[in-house]
Number of protein chains: 2
Amino acid sequence: MTAPAHPTQPRRSDATRAAILRAARERFAADGYERATIRAIAADARIDPSMVMRYYGSKEGLFAAAAEFDLRLPDLTAVSPEQLGEVLVRHFLVRWEGDETLVALLRAASTNPGAAERMRGIFADQLTAAVAAFGTDPALTARRAGLVASQILGLAFTRYVVRLPPMVDAEPEELVSWIAPTLQRYLTGLPQT
Amino acid sequence: MTAPAHPTQPRRSDATRAAILRAARERFAADGYERATIRAIAADARIDPSMVMRYYGSKEGLFAAAAEFDLRLPDLTAVSPEQLGEVLVRHFLVRWEGDETLVALLRAASTNPGAAERMRGIFADQLTAAVAAFGTDPALTARRAGLVASQILGLAFTRYVVRLPPMVDAEPEELVSWIAPTLQRYLTGLPQT
DNA sequence: ACCGTATGCCAACGGCTGTTGACACACAAC
DNA sequence: GTTGTGTGTCAACAGCCGTTGGCATACGGT
């Protein structure tokens, strides 16, 4: 502890910490958890691998810090009910294209139990909460959130991870127009109507 | 070459080969490509790691053999047009629950480029072919197949890989009733109608 | 019986991994 | 200047990985 001025003065190492985090997110997103080595991340950040250990304790700790994520879901009660699906898909597409953290989490969740646990937390907590907010039948809330997650994660998986050509080539707005009705039904509809 | 009787007489090592393949599928499905070690697979199959190398050449070769997969899609032209979605979801659910190969491929595709390539091949070739068979607009065929893949893979990813509770708990038939209309629209509908 | 080959185990290699500890330098306080 | 602490580098460890080559054994054809 430097214990200088009052609560937290910016430390000189903050830039390094940030560089490590940025490099870690890139590598985790591109290679997944096990192939993203601490040595490679450190090289990207132009520092020594041992710095990563000092600042983040372990590879698991680094991933935990790099995979911190907030879906930043809009308040669904403020959205007109028939536009719920459209708003949600567009939000996710924007959120995904602009921040590689979720792709890192997605790739890592396939093989790393901790990452899967975190993914479960994000979609169980944040998404379920958003769905519950404009609450219809509470008994169906979890199922609706799960179904939305299945289509959203499937979209991300095919577009950003496996890179299926028809999903990569599609313009965002075309994807919105196809997928919005799906989410709309998962959120407000009933099965097989 | 033993070159005994006519074309291919069953060799004594076929049981070993099969044991290796079975163990490999299990490990790849449970742990993904990099965490599934040849040593662990060999231990499961109760043989020496070097046997894996002799019979499959390398880890990549073993995976290629273990991830051989046929979706066994039904002939969609023989299905009544309004039941396409339902038939397809049910087929995939059955196919998935009964064969861990696809889960292995799914997990591995997140981190292993070769596995991703194979996944692309399976869904680009087999699924696109099935969709093209009862052909509507050829220009839309690839997109329809991609969208179906996104929902199907999202279902598999949330249910078998990340294990989101609401997706794991759901009865197969309930999933069918929710997801069938989605596939139905991806296959025969138009965007945002 | 012999011989060639297929099958299997064992020990080891080189390489890469996460992680650690010792050491050098920079900066602020006094 | 001296001291102490934060920041960074370097070299090395122990462990696991895929992979290899040699050697024993069992089998099948003759």
Side-chain angles (χ1 to χ4, degrees), chain A residues 1-24 27-28 30-67 108 111-115, chain B residues 1-24 27-28 30-67 108 111-115:
Chain A
M1 295 295 185
T2 331
H6 297 303
T8 47
Q9 192 155 335
R11 289 197 253 170
R12 194 156 48 92
S13 64
D14 285 352
T16 305
R17 282 185 154 84
I20 294 176
L21 228 48
R22 184 160 14 96
R27 286 283 179 176
F28 282 133
D31 301 336
Y33 184 80
E34 15 274 333
R35 296 171 79 110
T37 69
I38 289 197
R39 281 174 162 89
I41 292 169
D44 289 355
R46 302 181 185 282
I47 45 96
D48 192 86
S50 61
M51 303 296 303
V52 177
M53 304 303 297
R54 189 177 319 193
Y55 289 142
Y56 295 98
S58 68
K59 188 180 182 180
E60 289 264 354
L62 172 64
F63 179 80
T111 53
N112 185 270
Chain B
M1 295 296 188
T2 331
H6 298 301
T8 47
Q9 192 154 337
R11 288 197 254 172
R12 193 156 48 91
S13 63
D14 285 351
T16 305
R17 282 187 155 84
I20 294 176
L21 228 49
R22 185 158 14 95
R27 286 281 178 176
F28 282 134
D31 301 336
Y33 184 80
E34 15 274 334
R35 296 169 78 110
T37 70
I38 290 197
R39 282 173 159 89
I41 292 169
D44 288 355
R46 302 181 185 282
I47 46 95
D48 191 87
S50 62
M51 303 262 57
V52 177
M53 305 301 298
R54 187 175 313 183
Y55 289 140
Y56 295 98
S58 66
K59 188 180 182 180
E60 289 264 354
L62 172 62
F63 179 80
T111 54
N112 186 268

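On a predicted model such as this, the values are computed, not experimentally measured, just so you know. Here is the naming used below: chain letters follow the sequence lines, and residue numbers restart at 1 for every chain.
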Query raised in the report: Could you give the CG-to-P distance, from A:Asp14 to D:dG6, as a whole number of Å?
Result: 13 Å
Report task. Just do the side chain to side chain donor-acceptor pair (under 3.5 Å) check on B:Glu34 and A:Thr111 with the steps written out, would you? Result -> CA-CA 9 Å; B:Glu34 15 274 334; A:Thr111 53; 5.8 Å; no
Requested in this report: Could you check B:Ser50 against B:Arg17 and say which one's nearest nucleotide on DNA chain C is further toward the 5' end?
Outcome: B:Arg17
Requested in this report: Kindly indicate whether the side chain of B:Ile20, heavy atoms from C-beta on, has any atom under 4.5 Å from the side chain of B:Asp44.
Outcome: no
Query raised in the report: Near DNA chain D, which residues from residues 32-47 of chain A have a heavy atom under 4.0 Å away?
Result: A:Arg39, A:Ile47
Query raised in the report: Between A:Phe28 and A:Phe63, what is the ring plane arrangement, given parallel below 30°, perpendicular above 60°, and tilted in between?
Result: perpendicular
**Report entry** Rounded distance in Å - CE (A:Met53) to P (C:dA22)
**Finding:** 16 Å
Query - Distance, rounded to the nearest Å, where B:Asp48 contributes CG and D:dG21 contributes P - result: 15 Å
Report task. Considering non-hydrogen atoms only, spot the tightest contact between A:Pro49 and A:Arg39 and give its length. Result -> CG-CG, 4.1 Å
**Report entry** Separation of A:Ile47 CD1 from A:Ile41 CD1 (nearest 0.5 Å)
**Finding:** 9.5 Å
Query raised in the report: Out of D:dT20, C:dT19, D:dG8, which nucleotide sits closest to the side chain of A:Met51?
Result: D:dG8
Requested in this report: Can you figure out which of D:dG22, D:dT7, D:dT20 approaches the side chain of A:Arg54 most closely?
Outcome: D:dT7
Query raised in the report: So do the side chains of B:Lys59 and B:Thr37 get within less than 4.5 Å of each other, counting heavy atoms only?
Result: no
Requested in this report: Could you state the atom-to-atom distance from OH of A:Tyr55 to P of D:dG6 in whole Å?
Outcome: 10 Å
